Colleague: 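What follows is a structure written as structure tokens; I'll ask about it next.
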Number of protein chains: 2
Amino acid sequence: MDQLVSDATVARLPAYLRALVDLAADDVVSVSSGRLAREVGVNPATLRRDLATLGITGTRGVGYDVKYVLFEVSVALGVNREWPVAVVGAGNLGRALANYPGLAPRGFPVQVLFDVDDRLVGTEVAGVTVHHVDRLGELVPALGITVGVIATSAEAAPGVAAALVDAGVSSILSFAAGPLDVPDHVVVRRVDLATELQILSFYTRREAAVSGGAGVPLDEP
Amino acid sequence: MDQLVSDATVARLPAYLRALVDLAADDVVSVSSGRLAREVGVNPATLRRDLATLGITGTRGVGYDVKYVLFEVSVALGVNREWPVAVVGAGNLGRALANYPGLAPRGFPVQVLFDVDDRLVGTEVAGVTVHHVDRLGELVPALGITVGVIATSAEAAPGVAAALVDAGVSSILSFAAGPLDVPDHVVVRRVDLATELQILSFYTRREAAVSGGAGVPLDEP
DNA sequence: TAGATTGTTAATCGATTAACAATC
DNA sequence: TAGATTGTTAATCGATTAACAATC
């Protein structure tokens, strides 16, 4: 856990992890920075620097021990332990998260769902019980949950974030539009679908303009 | 549409758009880079540079005309027109997208859903009909759709991406794990929940380590 | 030893931002 | 004119990567 690890390095770690898992599954024992970098699509020097900042070393003339690097990157990303997750909002998005098959095997089991709707309270989604959001402050600490996912409306999100923080959650992933105000020690990441689509549409229009502007009206004044 | 607009600038545009919409709603006519930058949380010089690269100008001594900048940023992000969206996968995530209230008002109405499951075909979700994925190649061009969202399993995603490209889609937002192989002229963005949570957990562990390591076992060997 | 590959220095690249002349 | 604010230059900062000595 080094203060010096840059955001750019952190953003690449999940891709390294994926490639290392694949290599380990293929029983590859040792890998050079050149090969691993090619598989991830980065420069070998960048990869070596990234690993070095995490304190991960290889052997000159040989390469990196796959199991060792896999273990260390897993530790850095916290994937070597379980982070039980509370999802707030049991609408379609919340239910999609409870059903999402990629979470539990990667250490993020959805342990509990919360909603304000009494018709949903008491039901089960993918084996996860929906509780009333009023019980969040009681159940989240009891279940040892430190990760919260906000899958509510934008209006409800700030209140939910405050409740999660009060319940001791230290990381929040929010799908609600709009920024959240949380204390410094709480880490927030946001996924905003409309923002993603806007960025996508910027590049699409540029691509269309470059390749001859086919089809997409430019609407300039 | 300037080839010179950096990714970093593009990533900030949606936030500018949001702030400008708020200002326009409050009937603010003119805004300085200082004020707008404060509202977005960026440096004023960065904001001025971003606007300049888009060809957006202000008036020295006065500031920027809110309506004009709002219009130009909207055009750059393609928000001044409708981009009908096809969602492939009518599971919980696909249904969540069809129900997501932030898309249609921001120019991305979900126009059609596709699924392989015959039990879902013919049903409606939030007024959107679910069609069999076999009809994708026919319906997507007929509906003038150029944006596809992949909300299927990771296994199905590559085939779906290929079908979308064949149908003439030029932008794809994928929620499936794993990268997609598409032609150069197709723009892809991926949202990977497990990756988001891994990055979140990295920062959470670091935060925990900095503030005394309370609660989070480090599991070092 | 000869070949390979790391770890890291130093160069490069690109993005951010302070500063200020231009100008409303 | 005096004050304000842009547009842009030039400095700074940080990240990437070529290159190579260290070393297995």
Side-chain angles (χ1 to χ4, degrees), chain A residues 2-16 19-20 23-24 28-73 76 199 202-203 206, chain B residues 2-16 19-20 23-24 28-73 76 199 202-203 206:
Chain A
D2 197 326
Q3 192 69 42
L4 302 175
V5 180
S6 75
D7 289 353
T9 294
V10 175
R12 284 187 292 266
L13 294 182
Y16 296 164
L20 288 161
L23 289 171
V28 177
V29 173
S30 181
V31 66
S32 69
S33 63
R35 174 169 176 192
L36 188 54
R38 188 158 7 92
E39 244 139 78
V40 175
V42 301
N43 181 288
T46 300
L47 173 66
R48 293 200 296 276
R49 162 136 308 174
D50 284 342
L51 296 183
T53 61
L54 290 171
I56 298 171
T57 57
T59 307
R60 287 168 206 241
V62 178
Y64 294 90
D65 182 86
V66 172
K67 278 191 179 163
Y68 159 71
V69 179
L70 174 54
F71 178 81
E72 290 294 335
V73 173
I199 293 174
F202 178 93
Y203 288 111
R206 177 156 81 181
Chain B
D2 197 327
Q3 192 68 41
L4 302 176
V5 180
S6 75
D7 289 352
T9 293
V10 176
R12 284 188 290 267
L13 295 182
Y16 296 164
L20 288 161
L23 289 170
V28 176
V29 172
S30 180
V31 67
S32 68
S33 62
R35 175 170 175 191
L36 188 53
R38 189 161 3 92
E39 244 140 77
V40 175
V42 301
N43 181 287
T46 299
L47 172 67
R48 293 200 297 277
R49 161 135 310 173
D50 284 342
L51 295 183
T53 62
L54 290 171
I56 299 171
T57 56
T59 307
R60 289 168 204 243
V62 178
Y64 294 90
D65 182 86
V66 172
K67 276 191 180 163
Y68 158 70
V69 179
L70 174 55
F71 177 81
E72 290 295 334
V73 173
I199 293 174
F202 178 92
Y203 289 111
R206 177 156 82 180

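Here the structure is a predicted model, which means the values were calculated and not measured. Just so it is clear: chains get the letters A, B, ... in the order the sequence lines come, proteins before strands, and each one is counted from 1.
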Colleague: Using whole Å, what does the distance between atom P of nucleotide C:dT8 and atom CG of A:Asp50 come to?
Modeller: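 Distance, rounded to whole Å: 14 Å.
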
Colleague: Quick one: B:Asp7 CG to D:dT16 C1', roughly how many Å, whole number?
Modeller: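 About 15 Å, once rounded to whole Å.
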
Colleague: Just how far, in rounded Å, is P of C:dA4 from OH of A:Tyr64?
Modeller: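 In whole Å, C:dA4 P and A:Tyr64 OH are 18 Å from each other.
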
Colleague: Please give, in whole Å, the distance from C:dT8 P to A:Asn43 CG?
Modeller: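 Spelled out: CG on A:Asn43 to P on C:dT8 is 17 Å.
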
Colleague: Side chain of A:Arg60: nearest nucleotide among C:dT17, C:dT16, C:dG7?
Modeller: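 Closest nucleotide to the A:Arg60 side chain: C:dG7.
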
Colleague: Quick check on DNA chain C: between A:Ala52 and A:Gly61, whose nearest nucleotide comes earlier from the 5' end?
Modeller: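 Here A:Gly61 is the residue nearer the 5' end.
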
Colleague: Can a donor-acceptor pair be found, under 3.5 Å and without considering hydrogens, that links the side chain of A:Arg206 to the backbone of B:Val5?
Modeller: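 Checked: pair present.
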
Colleague: Could you check which of D:dA18, C:dT6, C:dT16 has an atom nearest any side-chain atom of A:Ser32?
Modeller: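 It is C:dT6.
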
Colleague: What I want to check is whether an N or O donor and acceptor connect the side chain of A:Arg49 with the base of C:dT8 at under 3.5 Å.
Modeller: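 Not at all, since no donor on one side and acceptor on the other fall under 3.5 Å apart.
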
Colleague: Tell me: CZ of A:Arg35 to C1' of C:dT6, nearest whole Å?
Modeller: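 Roughly 17 Å, once rounded to whole Å.
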
Colleague: Can you check the A:Asp65 CG to C:dT6 C1' distance for me, whole Å?
Modeller: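 Nearest whole value for this atom pair: 14 Å.
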
Colleague: Check whether any side-chain nitrogen or oxygen of B:Thr46 sits under 4.0 Å from OP1 or OP2 of C:dT17, and answer yes or no.
Modeller: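 Answer yes for this pair, as a side-chain N or O of B:Thr46 is under 4.0 Å from OP1 or OP2.
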
Colleague: Looking at side-chain heavy atoms only, is the closest gap between B:Glu39 and B:Val31 below 4.5 Å?
Modeller: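 When only atoms from C-beta onward are counted, B:Val31 and B:Glu39 do not touch, as no gap falls below 4.5 Å.
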
Colleague: Judged by each residue's nearest nucleotide on DNA chain D, which is more toward the 5′ side, A:Val42 or B:Val62?
Modeller: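 The residue mapped nearer the 5' terminus is B:Val62.
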
Colleague: Looking across every strand, which nucleic acid part, if any, lies under 4.0 Å from A:Ser33 by heavy atom: base, sugar-phosphate, or nothing?
Modeller: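 Sugar-phosphate: the residue A:Ser33, judged by heavy atoms under 4.0 Å, touches backbone atoms but no base.
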
Colleague: Indicate the atoms forming the closest heavy-atom contact of B:Leu54 with B:Ala76, along with that distance.
Modeller: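 Answer, listing the atom of B:Leu54 first, then B:Ala76: CD2-CB, 4.2 Å.
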
Colleague: How many Å lie between CD1 on B:Ile56 and C1' on D:dT8, as a whole number?
Modeller: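 Roughly 17 Å, once rounded to whole Å.
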
Colleague: How about B:Leu20 and B:Val73: do any of their side-chain heavy atoms sit closer than 4.5 Å?
Modeller: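 Counting from C-beta outward, B:Leu20 and B:Val73 do come under 4.5 Å.
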
Colleague: Could you tell me the separation between the CZ atom of B:Arg12 and the C1' atom of C:dG14, rounded to a whole number of Å?
Modeller: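 Nearest whole value for this atom pair: 12 Å.
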
Colleague: Searching all strands shown, indicate the nucleotide that pairs with C:dA11 (Watson-Crick or G-U wobble; both distances under 3.5 Å).
Modeller: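 Here C:dA11 is engaged in a pair, and the nucleotide opposite it is D:dT16.
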
Colleague: Would you indicate which nucleotide in C:dG7, C:dC20, D:dT16 comes nearest to any side-chain atom of B:Arg48?
Modeller: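 Closest nucleotide to the B:Arg48 side chain: C:dC20.
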
Colleague: For a quick test of reading the model: is some side-chain N or O of A:Thr59 closer than 4.0 Å to OP1 or OP2 of C:dT6?
Modeller: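 Answer no for this pair, as no side-chain N or O of A:Thr59 is under 4.0 Å from OP1 or OP2.
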
Colleague: Scan every strand shown for a Watson-Crick or G-U wobble partner of D:dC24, both distances under 3.5 Å, and answer none if you come up empty.
Modeller: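 Base partner found: C:dG3.
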
Colleague: How close do B:Thr57 and B:Tyr68 get, heavy atom to heavy atom, and via which atoms?
Modeller: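 Smallest interatomic distance, heavy atoms only, reads O-CE2, 3.2 Å.
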
